[in-house]
Amino acid sequence: MKEKIVLIDGHSILNRAFYGIPDLTNSSGFHTNAIYGFLNIMFKILSEEAPQYLTVAFDVSAPTFRHELFKEYKGTRKPMPQELREQVPVIKDLLKAMRINIIEKAGYEADDLLGTISKQSSKQGFEVSVISGDRDLLQLAEEDIKIRIPKTKRGTTEIEDYNAKDVLEAYQVTPLQIIELKALMGDTADNIPGVPGIGEKTATKIIVEYGNIENAFAHADEIKPNKAREALMENYDKARLSKTLATIDINCDIQYSIENAKLGNIYTDQAYQMFKELEFKNLLNRFDAPVNDNTLEEVFKTITMLDEAENIMNQAKKCDRIGIQMIVDKERLIGTSIALSETQVYFIVAEGFITTEYIADRVNEILNSSISISTIGLKEQLRILQISDINQCFDVEIGAYLLNPMNPIYPYSDLAKEYLGFILPEREELLGKLSYLDAYEQKPQELSKVVCYMSYVALMSAGVIEDRLKAAGEWDLFKKIEMPLIVTLHDMETTGIAVEKDELKEYGNQLSVRIIELEKQIYQLSGEEFNINSPKQLGEILFGKLGLPNGKKTKTGYSTAADVLEKLEADYEIVALILEYRQLTKLKSTYADGLANYIEADGRIHSNFNQTITATGRISSTEPNLQNIPIRMELGRLIRKVFIPKEDYVFVDADYSQIELRVLAHFSGDKKLIQAYREEQDIHKITASEVFHTPLEEVTSLQRRNAKAVNFGIVYGISSFGLSQDLSISRKEASEYIEKYFETYPRVKEFLDEAVMKAKQEGYSTTIFGRIRPIPELKSSNFMQRSFGERVAMNAPIQGTAADIIKIAMIRVNDRLKSESMKSKLILQVHDELLIEAHKDEIDKVKEILNCEMHGAANLLVPLEIDMSTGNNWYETK
DNA sequence: GTGATCACG
DNA sequence: ACGTACGTGATCACC
């Protein structure tokens with residue numbers, strides 16, 4: 001068997017990884033995504049090929065021969081972004097630490113070195129693999145030289161392999177003719193000009209026919225498309241230059257000793273240290289050395305004896321603060337983990353004489369002795385923990401969310417990494433995908449570790465998080481809004497909302513009848529049966545078979561989105577039917593059938609209100625989502641009739657009127673805007689009057705509608721394109737609307753500009769109440785991402801402040817209902833709306849409370865108005 | 001698991 | 001020239 005050598009194009013793979021992997025930093029803020037991606041690709045190759053030799057080639061930053069040639073021609077390559085540049089020396093050090101051979105040589109690019117070494121090695125009888133993201137290298141392919149191009153596809157890395165015959169198959173030309181192709185078509189990524197006007201198709205045709213550019217030029221008069229002929233004849237010098245640029249030098253003057261490339265043990269101690277600093281936790285597993293210092297796990301104790309549990313509970317009462325974690329799965333208490341100090345961490349298991357009641361009673365006793373507790377995710381534990389004063393609690397998950405609301409979740413391992421500065425094994429590593437209950441039965445020891453880590457991290461990180469919240473100006477937000485809100489949300493979840501199951505079912509049945517009718521008609525009009533719900537099949541039928549004019553395309557095919565179909569609706573009966581079908585199947589599957597699955601034994605739906613999901617500070621609702629129940633279309637709105645108050649109760653619903661625009665009025669301090677709100681005027685109408693230079697009385701409903709869209713657009717971080725899409729007008733018209741808007745409300749423009757500028761400086765935006773939203777996109781060199789960042793910088797303070805205000809209102813309303821011992825309960829929040837299930841004897845009182853507490857939630861430069869209504873179901877409250 | 005679509009504010 | 005409104009979650013198809 002031949003010996004194998006792997007050659008890696010260092011910069012090319014780093015580049016791939018940098019742009020392919022979302023940004024990743026270690027806790028000191030050093031960017032690591034390119035290194036991480038590079039290593040993953042390298043490890044994958046090593047395990048696949050098990051080569052005896054490995055070399056990584058790098059470009060030297062000094063100008064090279066081919067660069068020089070190019071510079072004269074067109075200028076220099078655009079510089080590497082700083083986030084990538086800083087990673088280059090580190091990967092080199094890391095490779096050195098792994099005793100992996102690196103080559104670089106002034107005057108040559110990495111691909112020249114790779115070309116030379118690969119040819120030499122194959123001649124000497126080695127089997128060679130060249131790893132690069134650059135298709136230029138395909139010219140090197142031979143039977144024993146395989147070019148491997150990694151592609152990051154949906155998170156997983158797939159590698160395309162090319163031997164000589166694969167190149168021929170894929171490109172219809174030999175590896176060496178790849179150079180000829182490049183000479184004609186050019187390569188913007190590699191700064192090769194090519195012949196303007198000749199692309200991949202024409203280039204392939206020419207080279208397949210004539211073999212090379214010289215021969216093609218000689219037979220130029222025969223070349224078929226006139227355009228290509230003229231392009232080639234006029235730009236033959238460019239083609240020749242491009243050919244030189246594209247040709248990899250396979251005779252570099254380098255001393256390459258294969259012995260230096262011999263692979264030994266790459267898992268050295270130095271490499272281990274570097275991996276640790278880079279915080280590549282899951283890569284650390286590759287080392288024989290222990291992944292984590294077990295000193296921490298050694299202090300963990302699993303408690304199953306009552307007297308030991310008793311002892312711990314008694315000690316807990318003497319502490320100032322403990323870390324605690326109630327482990328509940330499907331209503332069942334499996335145990336509790338308690339951290340008394342850094343070295344006293346216990347998992348008290350609910351079994352034998354230690355009953356769930358015992359644990360609950362003892363823990364609540366501790367809480368009553370008014371010591372502080374710290375925990376991860378307090379809301380989920382409140383069914384068991386009886387909190388007498390929320391001020392004694394510290395939820396580190398909530399704290400971590402406020403410090404960085406962009407994370408999807410806040411597991412103990414991430415908290416340890418971020419706030420304690422060390423790496424812990426993740427839950428999944430220890431338990432896999434097991435639930436607590438399953439882990440309790442199948443992996444009790446690992447479960448014990450997980451829960452002990454949790455209470456340990458909760459205890460140890462609380463102080464750090466407190467300091468960081470104070471430093472970030474978020475301490476009041478944490479103490480006065482987010483922590484108390486936990487209780488409010490828990491109350492809402494516990495109460496739930498009653499649903500008429502039979503009515504819901506009947507509603508679904510009615511939808512089914514119409515859906516079947518629609519199906520029949522659609523099949524008839526299209527001439528075949530297909531899955532209307534499949535955008536792929538639907539697109540093929542509409543735009544393929546039936547030949548409808550198609551507007552947009554998606555990555556995977558035709559777009560069949562509603563805004564595309566709506567443009568065709570008037571002309572094609574089938575499109576109108578499809579739109580109705582879509583609407584009805586959505587209502588049936590998501591709402592009629594979907595909601596029915598969540599009705600519990602008490603006849604009510606208990607949705608989850610999540611406090612740590614959104615980037616802006618809003619809460620979200622899941623399982624089911626009760627914040628997107630239909631209202632805009634009448635047919636959908638009817639669903640709200642099945643949401644009912646219990647007997648002797650009614651619904652009282654209150655929503656803030658235009659809260660985001662009022663927040664904008666406050667932020668900007670714009671006189672006209674503030675005056676309009678103080679005088680309770682119709683803001684959209686006023687805007688229309690100003691923007692369209694029309695007397696107030698003469699504003700048409702269309703003008704008002706357009707002005708409303710502009711107002712919304714401002715809140716979203718206006719762009720002329722977005723507005724034009726929304727209103728189906730030209731971009732130019734949209735720009736004019738925006739310009740006039742800013743003339744009308746000049747302070748709004750100032751505010752928005754300032755919001756972007758400030759966010760650019762600080763790296764984040766802030767709400768009135770101090771909530772932070774980081775906006776890393778503002779620093780992006782990518783236009784699209786940066787523009788997104790700018791829109792976010794305009795929107796986040798507005799949406800976030802509105803979210804803060806309604807959170808304050810929720811806490812105040814809920815607290816008053818409870819402190820005044822009322823039967824009425826707050827049951828839903830829908831971003832600017834609160835729904836109360838009010839006892840018939842308390843309706844007036846409830847209205848008074850809503851009025852008072854919602855108005856009083858914030859003191860802005862404009863009044864906060866609310867609209868209130870009552871009803872015997874959610875449909876009636878409008 | 002991801003993308004397309006569509007429900008809400 | 002780039003290709004876009006801000007923030008969510010559920011369902012379905014399809015790999």
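Numbered from 1 within each chain, the chains take letters A, B, ... in sequence-line order. None of the values given here were measured: they were computed from a predicted structure.
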Q.
Just to verify, what does A:Glu528 make a salt bridge (charged side-chain N to carboxylate O under 4.0 Å, His left out) with, not counting sequence neighbours?
A. A:Lys545

**Q.** Distance in angstrom units between A:Phe712 CZ and C:dT4 C1', rounded
**A.** 18 Å

Q. Got a sec, which residues hit salt bridge (charged side-chain N to carboxylate O under 4.0 Å, His left out) with A:Arg604, two or more places apart in sequence or on another chain?
A. A:Glu837

Q: Taking only the side-chain nitrogens and oxygens of A:Ser620, find out if one of them lies under 4.0 Å from OP1 or OP2 of C:dG9.
A: yes

Q.
Can you measure A:Tyr716 atom OH to C:dC6 atom C1' for me and round it to whole angstrom units?
A. 6 Å

Q. Do you know the tightest heavy-atom contact between A:Tyr677 and A:Pro863?
A. O-CG, 3.9 Å

(Q) Under the rule for salt bridge (charged side-chain N to carboxylate O under 4.0 Å, His left out), what residues qualify as partners of A:Asp682, not counting sequence neighbours? (A) A:Arg704

(Q) Measure CG/A:Asn531 against P/C:dA13 and give the value in whole Å, please. (A) 5 Å

Q. Taking CG from A:Asn533 and C1' from C:dA10, how many angstroms apart are they, rounded to a whole number?
A. 13 Å

(Q) Using atom P in both nucleotides, what's the gap between C:dT4 and B:dA4 to the nearest angstrom? (A) 11 Å

**Q.** Watson-Crick or G-U stems of DNA chain C, 3 or more pairs, under 3.5 Å, by first number
**A.** B:1-9 with C:6-14

Q: Please name all residues satisfying ring pair (Phe, Tyr, Trp, His ring centres under 6.0 Å) with A:Phe643, sequence neighbours left out, ordered by chain then number.
A: A:Trp874

Q: Send over the distance from A:Leu752 CG to C:dA5 P, rounded to a whole Å.
A: 19 Å

Q: Report yes if a side-chain nitrogen or oxygen of A:Arg618 is closer than 4.0 Å to either non-bridging phosphate oxygen (OP1 or OP2) of C:dG7; otherwise report no.
A: no

(Q) Tell me the interatomic distance from A:Asp655, atom CG, to B:dG9, atom P, rounded to whole angstroms. (A) 9 Å

(Q) Going by salt bridge (charged side-chain N to carboxylate O under 4.0 Å, His left out), name the residues that satisfy it together with A:Asp804, two or more places apart in sequence or in a different chain. (A) A:Arg771

**Q.** A:Leu538 CG to B:dA4 P, straight-line distance once rounded to whole Å
**A.** 15 Å

